[in-house]
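All values reported here derive from a predicted model rather than from experimental measurement.
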Amino acid sequence: MTTLTEATPGTAREPRSHADSMAVASFVLGLLGTLVLNLVLGPSALILATLALTRGTTRRGRALLGLTLGAADLILLATLATTDGTVSWHIGG
């Protein structure tokens, strides 16, 4: 008979694996956001990194990189919007 205090195998690691996945996703979204769709991908990276850090991810470095890249995406967006009047990359004149 199972009591409420006993944990079933695999349930203790499940929230942490979700947090690890969020950390990796925040890094990937932050990296992609520096190239395209920084208005959408930057905040997404910030949110996922924050959630991963609060849920105790073991991939703390990736979550911190995702947080940094998400902030860089928004800074890049603000810079592009003020200097060029656009929200996208362009090369050349």
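Rounding to the nearest 0.5 Å places CG of Leu48 at 9.5 Å from CG of Leu46. Atom CG of Asn38 and atom OG of Ser44 lie 11.5 Å apart (nearest 0.5 Å). Between the CZ atom of Arg55 and the NE2 atom of His18 there is a distance of 8.5 Å, given to the nearest 0.5 Å. With rounding to the nearest 0.5 Å, the separation of CZ in Arg62 from OG in Ser21 is 11.0 Å.
In this structure, the side-chain contact (heavy atoms from CB on, under 4.5 Å) partners of Leu32, at least two apart in sequence or on a different chain, are Val28, Leu41. Residues passing the side-chain contact (heavy atoms from CB on, under 4.5 Å) test with Thr58, sequence neighbours excluded: Arg16, Asp20. Under the side-chain hydrogen bond (donor to acceptor under 3.5 Å, both in side chains) criterion, Thr50 pairs with no residue, sequence neighbours left out.
A donor-acceptor pair under 3.5 Å is absent between the side-chain atoms of Thr57 and the main chain of Leu53, judged by distance alone.
Of all non-hydrogen atoms in Ala52 and Ala19, the two that sit nearest each other are CB-O, 3.3 Å. Considering every non-hydrogen atom in both Gly66 and Ala45, the closest pair reads O-CB, 3.8 Å. Between Thr82 and Thr79, the shortest heavy-atom contact is OG1-O, 3.1 Å. The minimum heavy-atom distance between Ala23 and Ser26, with the atom names listed, is O-OG, 2.7 Å.
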Without placing hydrogens or testing angles, list every side-chain donor-acceptor pair under 3.5 Å for residues 67-77, not counting sequence neighbours.
from, atom 1, to, atom 2, distance (Å)
Thr68, OG1, Leu64, O, 2.9
Asp73, OD1, Thr34, N, 3.1

